[in-house]
Amino acid sequence: MDVLLVEDDPMIVSALAGLLEGEGYRVRAVGRQDEAVAALAETTFDLALLDVTLAQGNGFAVCAAAREAHSSMPVIFLTASDDEFSTVAGLDMGAVDYIAKPFRARELLSRIRVALRTSGEASSVLAAGDVRLDAASATVTKGGREVFLSALEYKLLLYLLQNKGRLITRENLRDAIWDSAGEYVSDNSINVYIRRLREKVEDDPAEPSIVVTVRGLGYKVGE
C-alpha cells in the first residue's frame with residue numbers, strides 16, 4: 001500500500017513515516033503543496049494523509065487535486081485539535097476522516113485501516129430505486145441527475161446501500177458515522193443525518209421508500 005504524506009514538520013514526518021513503514025506501508029513524504037500535486041500527477045496512491053496548514057500552500061488545495069487525480073482514493077486530514085473549521089471544511093471537500101494532533105499511533109493506524117477497507121468495499125455501483133452511488137467517482141445520482149451530498153451524508157448512504165435489505169440499527173449507524181465525525185454521535189444527530197439524506201434522495205421525504213424506518217428497531221434500505 002502506497003501512502004502520500006503531506007506534512008512540513010520534520011519531526012512529525014519522521015514519526016509518521018517510521019510508524020507506517022513499520023506496518024508495511026510505502027510512504028512518500030512531501031512538505032509543500034506543489035510537491036504534493038506533482039506527486040499525485042505521477043503516482044497512484046492508495047491513501048493520502050494531509051496536514052491542513054503548510055508553510056507553502058494548504059491541504060485543501062492538495063485534497064482538491066487528489067479528488068481530481070484519484071477520485072476513489074481516501075483522504076485523511078491531520079488537523080489541530082481545536083480547529084473545527086478545518087475539520088468540517090475537509091470533510092465537506094470529500095475527506096473520509098480527520099485526526100487531531102497530537103495523535104495516538106494506534107488510533108491513526110485503525111482509522112487508516114477503516115479508510116482503506118471502506119474504499120476497497122466501495123468498488124462497485126450501488127443502487128436503490130432510482131438512486132445510484134458510483135463509489136469509483138464518488139458521485140450519487142437520482143433519476144440520472146447528480147445529487148450533491150456532504151461527506152457524512154455520502155458515507156451514510158454508502159453504508160446503507162452496502163447493507164441493502166438488512167436491518168440497520170441506530171448503533172450500526174452510530175459506529176459508521178463515528179469513523180468520520182470523530183466524536184460522540186447522538187440519536188438526535190442520526191435523526192438529522194437521516195432527514196437530510198431523505199430530503200435529497202427520496203421522492204417524498206415524508207413517505208420514504210428508499211431509507212425506510214423499521215419502528216423501534218432502526219432502518220432498512222428498500223428496493
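For the atom pair Leu108 CG and Ile112 CD1, the distance stands at 4.0 Å (nearest 0.5 Å). Separating the OG atom in Ser189 from the CG atom in Leu173 is a distance of 12.0 Å, to the nearest 0.5 Å. Within the model, atoms CG of Leu4 and OG1 of Thr43 stand 8.5 Å from one another, a figure rounded to the nearest 0.5 Å. Note that the CG atom of Leu197 and the CG atom of Leu160 stand 6.5 Å from one another [nearest 0.5 Å]. Taking OG1 of Thr213 as the reference point, atom CD1 of Ile194 lies at 7.5 Å (rounded to 0.5 Å). Note: Lys220 NZ to Asn163 CG = 12.0 Å, rounded to the nearest 0.5 Å.
Residues Tyr154 and Val140 are in side-chain contact: their nearest non-hydrogen atoms beyond the backbone lie under 4.5 Å apart. Residues Asp8 and Val30 fail the side-chain proximity criterion, which asks for heavy atoms closer than 4.5 Å. At least one side-chain heavy atom of Asp34 sits under 4.5 Å from a side-chain heavy atom of Gln56. Using a 4.5 Å heavy-atom cutoff, the side chains of Phe148 and Glu146 are in contact. Side-chain atoms of Leu20 and Leu109, non-hydrogen and from C-beta on, do get closer than 4.5 Å to each other. Contact of the Phe45 side chain with the Met73 side chain is registered, since non-hydrogen atoms from C-beta on lie closer than 4.5 Å. Looking only at side-chain heavy atoms (C-beta outward), Leu126 and Leu158 come within less than 4.5 Å of each other.
In the displayed structure, Glu107 atom CD is contacted under 6.0 Å by more than 12 heavy atoms of other residues, nucleotides or ligands. By the 6.0 Å contact criterion, CD on Glu199 is enclosed, its count of non-hydrogen atoms from other residues, nucleotides or ligands being greater than 12. By the neighbour-count criterion of 12 heavy atoms within 6.0 Å, atom CZ of Arg132 is sparsely surrounded, having that number or fewer from other residues, nucleotides or ligands. Summarising the local packing, CD of Glu42 is surrounded by more than 12 heavy atoms from other residues, nucleotides or ligands at distances under 6.0 Å.
Of the possible donor and acceptor atoms, none in the side chain of Glu21 sits under 3.5 Å from a partner among the backbone N and O of Gly18. Side chain of Glu35 to main chain of Gly31: a donor-acceptor pair is present (N/O by atom type, distance under 3.5 Å, no hydrogens or angles).
There is no path of hydrophobic side-chain contacts, each under 4.5 Å, that joins Leu50 to Val37. At a threshold of 4.5 Å between side-chain heavy atoms, the hydrophobic network of Ile, Leu, Val, Met, Phe, Trp and Tyr places Val211 and Tyr159 in one connected group.
Taking both residues in full, the closest heavy atoms of Asn58 and Gln33 are given as N-OE1, 3.0 Å, listed atom of the first, atom of the second, then distance. In plain terms, the two heavy atoms of Ala128 and Lys164 that are nearest each other are CA-NZ, 4.0 Å. Here the closest heavy-atom approach between residue Arg111 and residue Ile76 is recorded as O-CD1, 4.0 Å. Between Arg170 and Tyr219, the shortest heavy-atom distance links the atoms NH2-OH, 3.4 Å. Shortest non-hydrogen contact noted between Cys63 and Val75 is SG-CG1, 4.2 Å. Between Phe77 and Ala95 the shortest heavy-atom distance is CD1-CB, 3.5 Å.
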Full working for side chain to side chain contact (heavy atoms under 4.5 Å, CB included) between Thr141 and Leu133: CA-CA 7 Å; Thr141 59; Leu133 185 153; over 6 Å; no

Residues Val3, Arg26; criterion side chain to side chain contact (heavy atoms under 4.5 Å, CB included); working and verdict: CA-CA 6 Å; Val3 175; Arg26 293 179 295 272; over 6 Å; no

Intermediate values then yes/no, side chain to side chain contact (heavy atoms under 4.5 Å, CB included), Asp203 and Lys142: CA-CA 9 Å; Asp203 291 331; Lys142 178 175 174 59; 2.9 Å; yes

Working for side chain to side chain contact (heavy atoms under 4.5 Å, CB included), residues Leu49 and Val27: CA-CA 10 Å; Leu49 291 174; Val27 179; over 6 Å; no

Salt bridge (charged side-chain N to carboxylate O under 4.0 Å, His left out) evaluation trace for Lys101 with Glu7: CA-CA 12 Å; Lys101 301 176 184 178; Glu7 169 63 64; 3.1 Å; yes

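Checked by atom type, the side-chain pair Ser209/Arg198 shows no donor-acceptor distance below 3.5 Å. No donor-acceptor contact under 3.5 angstrom links the side chains of Arg196 and Asn191, judged on distance only.
Partner Tyr25 forms a side-chain contact (heavy atoms from CB on, under 4.5 Å) with one of Asp2, Leu5, Leu116 and no other, that one being Leu116.
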